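Just the heavy atoms: all of them, side chains too, but no hydrogens, waters or symmetry mates, feed the values below. Per chain, numbering begins at 1; letters A, B, ... match sequence-line order. Nothing here was measured: the structure is a model prediction, and the numbers come from that model.
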Amino acid sequence: MAALDDLYKEIILDHYRSPRNQGELDHPAHRCEGFNPLCGDEVIVYVALNDGKIDDIKIGGQGCSISQASASMMTEIVKGKSIEEAELVIHAFKEMMDIYETELSGNKKIESTVSDIDLGDLEALQGVVKYPVRIKCATLAWNTLTQSIDEVTNTSL
Amino acid sequence: MNLDVNRIKQDFPVLQRVINGKSLVYLDSANTSQKPDSVISAMGDYYNNSNANVHRGSYQLANEATAILESARDKVAGFINANNRQEVIFVKNATEAINLVSNTWGRVNLNQGDVIVLTELEHHANIVPWHMLAKEKEIEIRWVKVGDDGHLDLSNFDTLIDGAKLLSFAAMSNVLGTFTPVKEMSERAHTAGAKVLIDASQYTPHSQTDVQELGADFLTFTGHKLLGPMGIGVLWGKEEILDAMPPFLGGGEMILNVTKEGFSTNDLPWKFEAGTPMVAEAAGLGAAIDYLNEIGMDKVRSHEISLMDYALTKLQNDFGDSITIYGPKDATERGGVLSFSFEGAHPHDIAQILDEDNICIRAGHHCAKPLMQVLGVGATSRASAYLYNDESDIDVLAEGLRKVRDIFNPN
Ligand SMILES: Cc1ncc(COP(=O)(O)O)c(C=O)c1O
């Protein structure tokens, strides 16, 4: 059970049972859906951006403990942050998930620039790295948030 | 007489595997079955002794390879009681078989405004090809509903089928395990003038398949769920219908003659088998059919009924209201497939925790998203059994579920 205990930490189960910032935001908040076709998990991220800052964020959809807890923790850490700050957190989280930005010419890892970012509760998700299929669960909400930010910043250009 | 499962298990090399000191409890046969020694060695034998291209060599190896391919066809024809071997077409899998029908029969026979009927319990393989055709041809898809008991609701079937050109449906649900009333639905569809395609991907591994008795125009199953290898499936169709259909893929094998001006198609079944075929896979499928015939499909089925009966009772007794088992409650109305929700734990988490004890189940939407919507869930956990499973596997599953409970609902 040791590995499982490492995966299913109490804090993760707590976020799964009582997800934070669950619900919807009305227009003009931006709505973006993400799917994990493997298991049918679905996340809907609503973000209200104001002056380059994430004023509010809500999560809808359904999924496993890892994807739900990760989404819930994500809302807590990015809420109130500027887009730039949020992007650094996204980057740091993905590095913890062992996903590195790669250079086009090869697989060389780009030097981490975000190792000093404090991920707080999110550190509890580190156990996921041992279960490669679950990394997709953990990153679903994050990828959807990235897409959301891209969509908003591109349309407002 | 009961199956000697302990002996049968010995025939399957992978079931001997021990990972982290624990033996394998394989409960994912609805996804793909394990393969007995005889299947694996039939494939090896072909490559070791007879590998050559078929239907075009003029030496002994080529003749042997051709004989291996064509004798597998004869075995399939016998296994499903086809009228003749020309009606048995080898394809890659059931998905390809349905795409073959939608692209050939469908393209020729379905036009704007035409209706086809599917059911809510279909696998995506029997939905998406029709969506694709519906978009191209502007045809209408009607859906037979699934009732609360996991059976198809046929109360408005005559209205749905009225004026339809095709009824395409699964003989057994890969999620609920439900056996659908194939014969009755085929008869009623034929009365209404519709053709009938049966997706027997789940049915054929679990139950004697008799295409005459079932009364279909097309039937498909996929080799890898039937103890056979991945990469081979079967499309059976009535000869006169197959004859009238245009070819699917073009190339070698499927032609009689080719000129700069055009081509003429080969006879059945090769008309639908373009390019070099899967000979080793055919050898494997033939060996799988031999294996099942030796045991007897009636015994496979009765073993499964008693095993499912045990599983339904045990899981319900052990977990009561904490478990929701989908589909018919009576083991005689279902195949060896058991989908469930448990303790508010997500199926993906359940599968992960069970994996810790080498218990293999499937979590997800099982390629049946419309059915998930009907059930009101995003995903289910699914344990599925075959002739190499016994009550001890179900007991280990129940033990594993207790661990899930300890993590998600300790008290
Ligand atoms: C009912 C049903 N139809 C079709 C298929 C597709 O089989 P294949 O992927 O081998 O084409 C499956 C397999 O999951 C199935 O369960």
#### Entry: Gap between atom CD1 of Ile407(B) and atom CD of Glu10(A) - 0.5 Å precision
11.0 Å
### Task
Assess whether atom NZ of Lys136(A) is packed by more than 12 heavy atoms of other residues, nucleotides or ligands within 6.0 Å.
no
### Query
Looking at OH of Tyr131(A) and CD of Glu356(B), how far apart are the two atoms once the value is rounded to the nearest 0.5 Å?
4.0 Å
### Query
For the side chain of Arg134(A) and the backbone of Gln352(B), is there at least one donor-acceptor N/O pair under 3.5 Å apart?
no
### pair Gln68(A)-His346(B): side-chain heavy atoms closer than 4.5 Å
no
### Task
Give a yes or no on this: more than 12 heavy atoms of other residues, nucleotides or ligands lie within 6.0 Å of atom CD of Glu33(A).
yes
### Query
If you draw a 6.0 Å radius around NZ in Lys81(A), do more than 12 non-hydrogen atoms from other residues or ligands fall strictly inside?
yes
### Message
Heavy-atom cut-off 4.5 Å, strictly under: side chain, backbone, both or neither for Ala345(B) against chain A?
### Response
backbone
### Message
Can you confirm whether more than 12 heavy atoms, excluding those of Arg17(A), are under 6.0 Å from its CZ atom?
### Response
yes
#### Entry: Separation of Phe408(B) CZ from Tyr16(A) OH (nearest 0.5 Å)
5.5 Å
#### Entry: Point-to-point distance, once rounded to the nearest 0.5 Å, from CG of Asp406(B) to CG of Leu4(A)
11.0 Å
### Lys92(B) atom NZ, neighbour heavy-atom count above 12 within 6.0 Å
no
### Task
Take atom CG of Asp148(B) as the centre, draw a 6.0 Å sphere, and report whether it contains more than 12 heavy atoms from other residues, nucleotides or ligands.
no
### Task
Would you check if the side chain of Asp349(B) reaches a backbone N or O of Cys64(A) as a donor-acceptor pair within less than 3.5 Å?
no
